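Taking it in order: structure first as C-alpha cells, then the write-up.
Basis for what follows: all heavy atoms, side chains included, without hydrogens, waters or symmetry-related copies. Position 1 is the first residue of the sequence, and the numbers go up from there. Predicted model, so just to flag it, every value in this text is computed and none were measured.
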Amino acid sequence: MSLYQFHLIGAYGDRPTLDFSDCADDGEAVREGMSQLGQHGSAMGVEIWEGDRLVIRMERARSEVLPVGPPLLAARTPDAWSLRAGSWRPAKRPQR
C-alpha cells in the first residue's frame with residue numbers, strides 16, 4: 001500500500017480540496033480519483049500524486065462542471081441594484 005494525494009482542481013485552477021488515501025497501486029488510485037471527482041461536481045479535475053511523482057491529471061469538459069453557490073452581486077446589472085431619484089421614500093417614525 002502507498003499513500004496517494006488527491007488534489008481537486010477548481011474551475012479557476014485553484015485547489016480547494018486535498019485528500020489522502022492508501023491504495024494498492026496506481027490503478028486503484030485512479031479509480032479513487034475518479035470517484036472523488038464524481039462526488040465534487042464543481043471540480044474541473046483531479047491530480048493524483050504518490051510522493052513527488054505525478055500519477056495522472058484528469059479533467060472534465062468545462063460544460064460538465066457544476067456551478068457553486070448563488071451568483072455574485074457583481075454579476076447583476078447596475079439597474080438591478082442602483083437607486084434612482086424618486087425610487088425610494090424616507091421611512092416615517094411610528095406615531096405614539
Side-chain angles (χ1 to χ4, degrees):
M1 293 290 235
S2 295
L3 184 64
Y4 288 84
Q5 302 171 27
F6 300 87
H7 298 262
L8 289 168
I9 303 163
Y12 301 104
D14 55 323
R15 296 169 187 265
T17 305
L18 170 64
D19 199 4
F20 298 90
S21 184
D22 282 320
C23 299
D25 56 20
D26 289 354
E28 184 180 339
V30 169
R31 287 188 294 278
E32 176 65 23
M34 290 174 68
S35 173
Q36 287 191 20
L37 191 56
Q39 294 172 25
H40 295 86
S42 63
M44 183 73 184
V46 63
E47 280 185 356
I48 303 171
W49 292 80
E50 180 189 24
D52 293 338
R53 179 178 71 93
L54 175 63
V55 176
I56 192 169
R57 178 182 173 123
M58 298 181 284
E59 291 186 5
R60 65 174 100 208
R62 282 207 182 270
S63 61
E64 295 176 3
V65 177
L66 300 176
V68 176
L72 299 173
L73 288 176
R76 295 172 58 188
T77 61
D79 289 342
W81 47 267
S82 65
L83 293 175
R84 296 189 183 117
S87 65
W88 60 278
R89 302 215 189 295
K92 294 183 181 179
R93 285 183 181 253
Q95 295 187 6
R96 295 183 189 205

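With a 4.5 Å cut-off on side-chain heavy atoms, Asp26 and Arg53 count as touching.
The backbone N or O of Glu47 sits nowhere less than 3.5 Å from a side-chain atom of Arg15 that would complete a donor-acceptor pair.
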Side chain to side chain contact (heavy atoms under 4.5 Å, CB included) evaluation trace for Thr17 with Gln36 | CA-CA 10 Å; Thr17 305; Gln36 287 191 20; 6.0 Å; no
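A distance of 11.0 Å separates CD1 of Ile48 from CD of Glu28, quoted to the nearest 0.5 Å. Here Asp19 contributes atom CG and Tyr4 contributes atom OH; the two are 15.0 Å apart, rounded to the nearest 0.5 Å.
Remark: Asp22 engages no residue in a side-chain hydrogen bond (donor to acceptor under 3.5 Å, both in side chains) (not counting sequence neighbours).
In terms of heavy atoms, Ala29 sits closest to Cys23 at CA-SG, 3.7 Å. Here the closest non-hydrogen pair linking Gly10 and Pro16 is N-CD, 3.8 Å. When all heavy atoms of Gly51 and Gln5 are compared, the closest pair comes out as O-NE2, 4.0 Å.
For Met58, the CE atom is densely surrounded, since the number of other residues' heavy atoms within 6.0 Å is greater than 12.
By the criterion of side-chain heavy atoms lying less than 4.5 angstrom apart, applied directly or through intervening Ile, Leu, Val, Met, Phe, Trp or Tyr residues, Val46 is grouped together with Val30 in one hydrophobic cluster. Hydrophobic clustering (side-chain heavy atoms under 4.5 Å, transitive across Ile, Leu, Val, Met, Phe, Trp, Tyr) groups Ile56 together with Leu8. Tracing side-chain contacts under 4.5 Å through hydrophobic residues (I, L, V, M, F, W, Y), one reaches Leu37 starting from Phe6; they form part of the same cluster.
Looking at Ser21 and Glu32, their side chains never bring a donor and an acceptor atom within 3.5 Å of each other.
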